[in-house]
Amino acid sequence: MKSLLDKNISLPLQIALWLLAFYVAWYVVPRGYEKLIDIPGTIEFFAKLGFPAFLAYVVGALEISGPIAMLIPRLSFYGAMPVMVIMLV
């Protein structure tokens, strides 16, 4: 598994990956924060979608911690996977 600091990745690709990680963090972290701040509204929205209430907490926490982990080279893969799943669902 390659990290953003891997010596085999070209510099332009490293820069592009960092910019993408920063953009995702800039976009997703505030959405997670909003979910946790307005938890009753989030639980209501999840209920309308047919998801259990506890997932509101899980998704909010993962939307905050996932992008932050993406900015740490050794954790970037593990931060990106939950964010990808959340965005696909």
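Just so it is clear, the structure is predicted and the values come from calculations on it, not from any experiment. Residue numbers count from 1 along this sequence.
Here the shortest heavy-atom pairing between R31 and E63 reads C-OE1, 3.5 Å. Shortest non-hydrogen contact noted between P67 and A25 is CB-CA, 3.4 Å. Nearest heavy-atom pair across M70 and G79 is CG-C, 3.6 Å. The two residues P52 and F46 have their closest heavy-atom pair at O-CD2, 4.3 Å. What you find for A61 and L36 is that their closest heavy atoms are N-CD1, 4.1 Å.
Using cut-offs of 30° and 60° for the angle between ring planes, the Y23 and W26 rings count as tilted.
Atom CE of M81 has more than 12 heavy atoms from other residues, nucleotides or ligands within 6.0 Å.
One finds the CD1 atom of I39 at 5.0 Å from the OG1 atom of T42 (value rounded to the nearest 0.5 Å). Between atom CG of residue D38 and atom CD1 of residue I43 there is a gap of 9.5 Å, rounded to the nearest 0.5 Å.
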Q) Under the side chain to side chain contact (heavy atoms under 4.5 Å, CB included) criterion, do V59 and F51 qualify, and how do the steps go? A) CA-CA 11 Å; V59 169; F51 293 115; over 6 Å; no

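For F45, there are no ring pair (Phe, Tyr, Trp, His ring centres under 6.0 Å) partners two or more places apart in sequence or in a different chain. For E34, there are no salt bridge (Lys or Arg N to Asp or Glu O under 4.0 Å) partners, not counting sequence neighbours.
At a threshold of 4.5 Å between side-chain heavy atoms, the hydrophobic network of Ile, Leu, Val, Met, Phe, Trp and Tyr places Y27 and L19 in two separate groups. Hydrophobic clustering, with ILVMFWY side chains joined whenever heavy atoms are under 4.5 angstrom apart, groups L88 together with F77. Residues V89 and F54 share a hydrophobic cluster, clusters being chains of Ile/Leu/Val/Met/Phe/Trp/Tyr side chains in contact below 4.5 Å. No chain of hydrophobic side-chain contacts below 4.5 Å, direct or via other Ile, Leu, Val, Met, Phe, Trp or Tyr residues, connects L55 to I37. Transitive grouping of hydrophobic side chains (ILVMFWY, heavy atoms separated by less than 4.5 Å) brings L49 and V58 into a common cluster.
Inter-residue side-chain proximity for V83 and I86 is flagged as unmet; no heavy-atom pair is nearer than 4.5 Å. Between P73 and W18, some side-chain heavy-atom pair lies under the 4.5 Å cut-off.
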